[in-house]
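Structure first, commentary second.
Source: prediction; values computed, not measured. Here, residue 1 is the first one in the sequence, and each next residue gets the next number.
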Amino acid sequence: MAAARVSYRARHDVIPPRLSVSMATGGRGAAALVVGTPPAGAAAAAAMFADETVPGAAVQSLWRSARNARCEAKSCQTGEVATAEAAVQSRSSRDAAVQTNRGAVRDVQQGARVDDSGVLAFLRRVEEVVTKELNKNATSRAFDGFDVNWTDQNRTVMCLHTLSYPEAQDQHLQVTGVSWNATGSVVACSYGRLNDGDWSTEKSYVCTWNLDRRRLDPQRPDLVVDAPSSVMCLAFHPSQPSLIAAGLFSGETVVWDTSKPEDPLIWRTGMTDDTHTDPVYQVHWLPDAKHGNHIQLLSASTDGKILVWREERDGRLAVAEGFALVAQQIPRSAQLKKLVWGEVAVGVTSLSFSHFDPHVFIVGVEGGFSLKCSTTADTAAPRQTGGSVPLRAPAELTFSPHSGPVYSVSCSPFHRNLFLSCGTDGQVHLSSMLQTQPLVSLQLSTKYLFCVRWSPVRPLVFAVASGEGDVHLFDFEKSSQKPAVSIKQAVDECPVYCLEFNTKQTQLLAAGDAAGTVKVWQLSSDFTEQRPREMNHLEQLASELTD
C-alpha cells in the first residue's frame, strides 16, 4: 500500500518554526510518524512547508503474535506427550528376604507365647476325624499303579568307565569274572582264558579299581595281584571289603587281602588230595554259624565236587565238608546222554544259593541240567576220591535240561522258588524249584549265553551276557519275550563272559568281555526303582505259570 503523506503548515503559535511532521500508514493500523526540520536560511522561508520524505520508524504489530500464541502448528504429529515415571517398584526399598536374621528370630521366639491348652483341646477335638480319614486312605486303592518319583529320572543307559589292564591285554587274556566289594565302590576283575582246553601255566592277574578315587585311571588299576594260573572266577567277601577269593585253572582256591598290597595272599588250598582236579568255576562265601569270626569258602569245579573250606593258622585252607555230583543222581527220565568222558556230564560250571534258605542252592552242570541241592543232605556220594572228608550227594531235584552245558544260574532275591539259567543253547530258562519244566524259555541268541543275574532291586528285572557282545536287560513288567534294552558291550561280536549288579550303588552294572575290558554301566531309573505292586506281579507270574 502506498504511503500517505500529510504535511502541516505550521503556525507560529502551534508548531515551532522549522518543524515538519509527516505520517506514513501501513496495513491494519500500522503507522509511522515522521518529524523533520525545515531548511535554514532566508531562502527557506518560501520552502518552509515543502513536501519531504524521510525514513520511517516501524512499530511491530501485537495482533499476530497474540493469535499465534493461541493456535498450534498444523502437522501430522501431535504435540509432545508429557510422561512421568510410574514403575511397579517404589522408589524406596528395604530388605525382605526369606530368612530373617538370627537376632530377630531369637526375639520372636523369646516373646512368643503358645497357648498349650488351646492346642491340646484342638488336637483332641479333631483326633477322631483325622484318624478315621487316615485309616480310610490306608485302605483306599485310588492310587494303585501311581508311581511317585520326586527325582528327575534318567532315561538312558550309559557307560561310565571302560577299565582295562594293558599288560593282560597284551597277553590276550580275557575277563573271566567281575565282583563288587562290600562298600560298592571297588570293582575287581579276574583275567584268564575260557576258550583254552589245555592246562594253563601262564601268569594271570586280578585287578581292582576304586571308582570313588578322584583321579581314576581306567588303564591303571589301583591293585594288581599276580596269579600263577588263569583265574577263572572271583568273589569279594560280603562284609569285609578287602578280602577277595578266587578259583584257579589249576584247581586251587586262594584268598587275598587287598589292604596288604605288598603280600596280599593270606590263604590257599595248595595242591593236596582234597584240591580240585579240574578248574574252579565258582567260589562263594558262606556264613559260619559255628565259628563266628571264621570264614567259610565254597568252591565248585568241573570235577563234580563242591567243597567247603575253613581257614587254618598257617595260611592254609582245609576242607570242612564236601559234596559230589554223580550221574546216578540224575533220574533216567531226564534222558542223560552217555558221554565219552564218563561223569563229565555232572561237572559243575555254576552255582547260586537261595536268598531265603541258606541250605538250598542251584547248580548248573556241563550236561545241560540244573539241579536243586541242599547242604543238609545225608546221602553219601557213590564215588569217593580218597580225600580227607567223606563226600555227600546233595542233589534233590533235576530240572528239564538245556540243549548244551549250563554256564550260569541265579536265584531270585525276591522269590524263594524262582531261578534263572542260561547256557550254550542261547536260551534263558525261568524255572521254579517246585516243578521240573521251565516256566518261560527265551531264545536270545544264536550263540552262547555266558552269564545271567537277577537285579538286586527290581523283582522283574535281570541281565544276560551274550556271546555276540551284548548285555541284555529284561523287564518282565514290560515284556516276557524280548529285552527292554540291549547294550553293545564289545565290537566284532566279542563275547561278554561275566556281569554283576552293584548291590550298594544299584545304578551300576559291571560287565567283562573276551577283549580284556570291563565296562561299568549306569542304569536308568527304569531299572533301579521298584514299581508299585511289582512283588504282586512276580507272585502272580510264578503262580499262574506253575498252575
Flag the pair Arg215 / Asp217 as yes when at least one side-chain heavy-atom distance between them is below 4.5 Å, and no otherwise. no
Apply the test side chain to side chain donor-acceptor pair (under 3.5 Å) to residues Ser431 and Gln437: give CA-CA distance (whole Å), side-chain angles for both, the deciding distance (0.1 Å), then the verdict. CA-CA 7 Å; Ser431 303; Gln437 296 298 319; over 6 Å; no
Contact summary for Ser250 and Ser229, nearest pair of heavy atoms: N-OG, 3.5 Å
Go through Arg310 and Glu312 one step at a time and tell me if the salt bridge (charged side-chain N to carboxylate O under 4.0 Å, His left out) criterion holds. CA-CA 7 Å; Arg310 67 173 185 271; Glu312 296 289 340; 3.4 Å; yes
With the side chain counted from C-beta on, respond yes when Leu234 and Val206 share a heavy-atom pair under 4.5 Å apart, and no when they do not. yes
Side chain to side chain donor-acceptor pair (under 3.5 Å) assessment of Ser299 paired with Trp309: CA-CA 8 Å; Ser299 62; Trp309 306 86; 2.8 Å; yes
Heavy atoms from other residues, nucleotides or ligands near NZ of Lys260 exceed 12 (cutoff 6.0 Å): no
I'd like to know if Glu321 pairs up with Arg392 as an ion pair, taking the criterion as any Lys NZ or Arg NE/NH1/NH2 lying under 4.0 Å from an Asp or Glu carboxylate oxygen. yes
Side-chain touch Phe501/Leu508, heavy atoms, less than 4.5 angstrom: no
Counting only heavy atoms not in Phe462 (residues, nucleotides, ligands), do more than 12 fall under 6.0 Å from its CZ? yes
Would Gln507 and Trp521 count as having a side-chain donor-acceptor pair, cut-off 3.5 Å? no
Ring centres under 6.0 angstrom apart (Phe369, Phe399): no
So, are Lys447 and Glu493 salt-bridged, with charged N and O less than 4.0 Å apart? yes
Looking only at the side chains, is there a donor atom on one of Arg193 and Ser204 sitting less than 3.5 Å from an acceptor on the other? no
Answer yes when Lys305 and Asp278 have at least one side-chain N-carboxylate O distance shorter than 4.0 Å, and no when they do not. no
Quick one: closest heavy-atom pair of Leu317 and Thr253, and the distance? CD1-O, 4.0 Å
For the residue pair Asp274 and Thr272, confirm or rule out a side-chain donor-acceptor distance under 3.5 Å. no
Tyr281 vs Tyr407, test: ring-ring contact (aromatic ring centres under 6.0 Å, His included). Steps then yes/no. CA-CA 9 Å; Tyr281 282 100; Tyr407 278 163; 8.2 Å; no
Quick one about Ser421 and His402 (side-chain donor to acceptor, distance below 3.5 Å, no hydrogens or angles considered), yes or no? yes
Would you name the heavy atoms of Trp209 and Cys189 that are closest together and state the gap between them? CZ3-SG, 3.8 Å
Residue pair Asp257, Ser242: steps toward the side chain to side chain donor-acceptor pair (under 3.5 Å) verdict: CA-CA 5 Å; Asp257 187 348; Ser242 63; 2.9 Å; yes
Check Lys482 with Asp475, please: is the shortest side-chain N to carboxylate O separation under 4.0 Å? no
Are any non-hydrogen side-chain atoms of Glu252 and His276 less than 4.5 angstrom apart? no
Looking only at the side chains, is there a donor atom on one of His359 and Thr375 sitting less than 3.5 Å from an acceptor on the other? yes
Quiz question: by atom type and distance under 3.5 Å, do the side chains of Asp222 and Thr208 form a donor-acceptor pair? no
Ignoring hydrogens and angles, state whether a donor on the side chain of Gln427 or Gln443 is under 3.5 Å from an acceptor on the partner side chain. yes
Could you walk me through whether Ser185 and Arg213 pass side chain to side chain donor-acceptor pair (under 3.5 Å), step by step? CA-CA 9 Å; Ser185 59; Arg213 189 179 298 277; over 6 Å; no
Could you tell me how the ring of Tyr191 sits relative to the ring of Tyr205: parallel (under 30°), tilted (30 to 60°) or perpendicular (over 60°)? perpendicular
Side chains of Ser190 and Thr176: donor-acceptor distance under 3.5 Å anywhere? yes
